[in-house]
Each structure stands twice: as structure tokens, then as C-alpha cells.
Amino acid sequence: MSERHLARGDTAVITGAGSGFGLELARLCAQRGMNIVAADVQADALARAETELRALGAPVLPFKLDVAKAAEVEAMGAATVQRFGVPHLVFNNAGVGAGGLIWEHTLRDWEWVIGVNVMGVAHGVRVFTPLMLEAAEKDSTYEGHIINTASMAGLVNPPNMGVYNVSKHAVVALSETLYQDLSLVSDQVHAHVLCPFFVATGIHDSARNRPQELSNPNAKPTRSQLIAQAMTQKAVGSGKVSAAMVAQYVLDALRDERFYIYSHPKALASVQTRLEDVMQQRNPSDPLKDAPEMGRQLREALRAK
Ligand SMILES: NC(=O)c1ccc[n+]([C@@H]2O[C@H](COP(=O)([O-])OP(=O)(O)OC[C@H]3O[C@@H](n4cnc5c(N)ncnc54)[C@H](O)[C@@H]3O)[C@@H](O)[C@H]2O)c1
């Protein structure tokens, strides 16, 4: 267990700080007396978060950016160092969801979701890891944590969640590799991956922040996309674990130096089945086998004439 972790005056960089997990972790960090770099693409949500975090007494640097854009994440890195120095916690968390049958995603769907969910994390890792390693080399008491938000959809492949599954598997791969690579060079900078199941946040309404240049102006959503939207909304809304609880699980995992962070450990049974499929060369099992009603509804809705 780490004694040093996250003291008053340490700095947290949080992307997606305007809502959901990002906002909840920002609140917890502010309560600990940390400096917060609150980054988000949605200006009004960011402004609300800034006001609230300041009211908690935290020094805040609000930073409006699109994490998919390399130069904007680089600028956030420079602004962070200038204002607070090298951060101790980097939460690469901003993400968006889009569902539907995988062949029905448009090129822009792929570009949007991969851009935010995968490249956003890659940019955060690329910009902040060298700074953190340098800080560790200079100061033997420095400790840094990089937490990337993936999903249970990074460990199993539920149907009709197309590009989202692909993006989150990439985040798990990126994070596991980061963990291995960091362990080659440092004992002071640590990687973690957050894999939540369904939790009530704004994720079902991700389209609110979709940039104009990546929207599908003439394409009506397909049936599978409408079904995915409705099912995600329902699943997210019915979750019993709150975003605030997940933010606390993140801090607990940093303290305990745990890499994998789950919101619903019971859902890991489907991961075990998938890995057994891989090991035993079985064809992929149904990831919805523990929610047969959901699978039946999905099949019926998609096949309805
Ligand atoms: N809520 C769930 O059930 C769930 C489950 C698994 C994984 N996740 C992941 O959790 C992460 C956080 O999402 P959330 O559930 O808190 O949803 P949310 O919509 O409440 O929060 C996401 C935040 O990211 C911001 N954002 C979106 N695009 C951005 C961009 N291009 N650049 C910067 N900021 C951007 C949004 O404005 C928003 O404030 C995402 O990566 C999501 O995929 C969520």
C-alpha cells in the first residue's frame, strides 16, 4: 500500500471532468486539497464544475479541449506544468458511446469514437508519462498515477455495441502495455485501468458533444442504432452503483496499487467465459447469457419485419 499517495497540494489532471466519473473524481480530489486541472469539451458543464470545485476550496485550472486533438492535449500538458507543475494523477477518462451493428457505423462514427476513446487516451499517455518519469527521476518521493477509463466492453464483446467495444479493448491493451512498460523503467509511476459496467452518467447522451465535422448530417440512425441507444439508456439508468462510488473505487485502487478497477466485480463471470472460449478454442459464448431477456429482446427487435 502506498503511504505517499495523493497528498494536499498534489495535482490531478482529469479529462471528462464536466460530468460522470470525471466530475466525481474531481470532487474527491478537491476534498483532499488537491489542485485540479479540469478538462472537458463541453463549456457549460466545465464552467459548472469549475465553480463547484472552487467552492470546495480547490485551486482549479479549467481547460476546454477535445481530447481527440493532439495539439489540444499537448497544450493542456504545458498549461498544467506552468500552473501547478507535473501532475501526480492523470485520469484519461473522457469518452463517448455509439452503438449498433458493427457494419452500420459510418466512417465518421469510427473516427469520432476511436478519436475520443482511443486517441484521447493515447495523447494523455504520450503527453504526461514522460513528464511524470522525469519528476520521479528528480525526486525519489514523487509518485504518479495514470488511470485510463476503458469499460467492461474492453474485456468482453456484447453485441450491437460495435465501435465502442473496439475502442475499449484498445484502451485495455494500451493500459496493460503502459503498465508493463512503466514497470521496466520506474517504481514511482503507476498505471491503472478503470472498467465500469453500466453506471448512471451522461454516457447514453454522448452525441451532445459530437463535433459538427464528425456528425452524420444526412444519415438517419438505423434500427440497430436506435435499439442500442434505447437499451443503453435503460441499462445505464437502472444501475445501482453510482458514479460517486466508482470515483471512490478509483482512489481505493490507487492506494492499494491495483491495476484493474471494476464497478461490478460480479460481471467478471462473462470475462472468464470469454477467456475460456479463447483458451479452449470454442466459438464465442453469448455475453448476454446472464441477461437472457435482454438478448431475446435484441434478437427479436433486430429481426422484426
Ligand atoms: N457510465 C457508464 O455506464 C460507463 C461504463 C463503462 C465505461 N464508461 C466510460 O466512462 C468514461 C466517462 O464517461 P461517463 O460515463 O462519466 O459519461 P459522461 O458523459 O457523464 O462524461 C463524459 C465526459 O466526457 C466529456 N467529453 C466527451 N467528449 C470529449 C472530448 N472529445 N474531449 C474532452 N471531453 C469530452 C463530456 O463532455 C463529459 O463531460 C467514458 O470513457 C465512458 O466510455 C462509462
Side-chain angles (χ1 to χ4, degrees), residues 2 5-6 12-29 32 34 36-40 67 87-97 113 116-125 128-129 132 144-158 161 164-180 182 189-204 206 232 235-236 239-268 270-271:
S2 161
H5 96 292
L6 306 182
V13 173
I14 299 178
T15 69
S19 175
F21 301 137
L23 178 58
E24 295 296 349
L25 191 71
R27 286 176 173 146
L28 292 183
C29 290
R32 283 174 174 242
M34 294 176 69
I36 316 282
V37 180
D40 206 287
V67 294
H88 303 80
L89 181 161
V90 174
F91 191 25
N92 292 309
N93 163 74
V96 291
V113 177
V116 178
N117 292 8
V118 183
M119 293 315 297
V121 175
H123 295 321
V125 166
F128 287 103
T129 315
M132 295 166 100
H145 293 273
I146 302 166
I147 312 111
N148 300 327
T149 303
S151 170
M152 285 301 287
L155 300 169
V156 286
N157 289 296
M161 285 178 55
Y164 189 74
N165 291 344
V166 175
S167 74
K168 293 303 186 177
H169 276 257
V171 175
V172 172
L174 193 165
S175 305
E176 288 182 359
T177 308
L178 177 65
Y179 178 91
Q180 301 294 357
L182 280 173
V189 183
H190 308 277
H192 311 261
V193 68
L194 171 62
C195 296
F197 197 52
F198 293 115
V199 179
T201 64
I203 194 72
H204 60 280
S206 294
T232 307
V236 164
K240 291 194 179 66
V241 175
S242 70
M245 289 160 75
V246 174
Q248 186 57 53
Y249 298 161
V250 171
L251 291 186
D252 294 348
L254 304 199
R255 181 200 59 208
D256 299 345
E257 293 185 10
R258 258 185 296 116
F259 173 77
Y260 295 106
I261 313 171
Y262 301 119
S263 63
H264 294 71
K266 281 191 185 150
L268 290 170
S270 60
V271 179

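Residues take their numbers from the sequence shown, with the count starting at 1. Remember, predicted model here, so these are calculated numbers, not experimental data.
Checked by atom type and distance alone, the side chain of K168 pairs as donor or acceptor with a backbone atom of T149 at under 3.5 Å. At least one donor-acceptor pair closer than 3.5 Å links the side chain of N165 to the backbone N or O of P158. Side chain of H169 to backbone of G154: a donor-acceptor contact under 3.5 angstrom is found.
When every heavy atom of S19 is checked against every heavy atom of G202, the shortest pair comes out as OG-N, 4.1 Å. The two residues G22 and I14 make their nearest non-hydrogen contact at O-CG2, 3.5 Å. V236 approaches H204 most closely through the heavy-atom pair CG1-ND1, 4.1 Å. Listed here is the closest heavy atom pair of V199 and V241: CG1-O, 3.3 Å. The shortest heavy-atom contact between T15 and A94 is OG1-N, 3.0 Å. Counting all heavy atoms, side chain and backbone alike, V121 lies closest to L174 at CG1-CD1, 4.0 Å.
Side-chain contact between L194 and F91 is present, with at least one heavy-atom pair separated by less than 4.5 Å. At least one side-chain heavy atom of I147 sits under 4.5 Å from a side-chain heavy atom of L89. With a 4.5 Å cut-off on side-chain heavy atoms, R258 and D252 count as touching. For the pair L178 and N148, the minimum side-chain heavy-atom distance is below 4.5 Å.
Applying the side-chain hydrogen bond (donor to acceptor under 3.5 Å, both in side chains) test to residues at least two apart or on different chains, the pairs with a partner in residues 189-201 are H145-H192.
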Show your working on side chain to side chain contact (heavy atoms under 4.5 Å, CB included) between L182 and T129 and close with a plain yes or no.
CA-CA 9 Å; L182 280 173; T129 315; 3.8 Å; yes
Test M152 against L155 for side chain to side chain contact (heavy atoms under 4.5 Å, CB included), laying out the working first.
CA-CA 5 Å; M152 285 301 287; L155 300 169; 4.2 Å; yes
Which side-chain N or O atoms in residues 259-268 pair as donor and acceptor under 3.5 Å with protein atoms at least two apart or in another chain?
{"unit_1": "Y260", "atom_1": "OH", "unit_2": "E176", "atom_2": "OE2", "d": "2.5"}
{"unit_1": "S263", "atom_1": "OG", "unit_2": "F197", "atom_2": "N", "d": "2.8"}

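Put simply, OG1 on T232 and CD1 on I203 are 9.5 Å apart, with the number rounded to the nearest 0.5 Å. Atom CG of residue N92 and atom CD1 of residue I146 lie 7.5 Å apart, to the nearest 0.5 angstrom. With rounding to the nearest 0.5 Å, the separation of CG in L25 from CG in L254 is 8.0 Å. Distance check, rounded to the nearest 0.5 Å: CG of L251 to SG of C29 gives 5.5 Å. Atom CG of N117 and atom OH of Y164 lie 6.5 Å apart (nearest 0.5 Å). How far CE of M34 is from NE2 of H88: 7.5 Å, rounded to the nearest 0.5 Å.
Taking A244 as the reference, E24, S242 meet the side-chain contact (heavy atoms from CB on, under 4.5 Å) condition, with sequence neighbours excluded.
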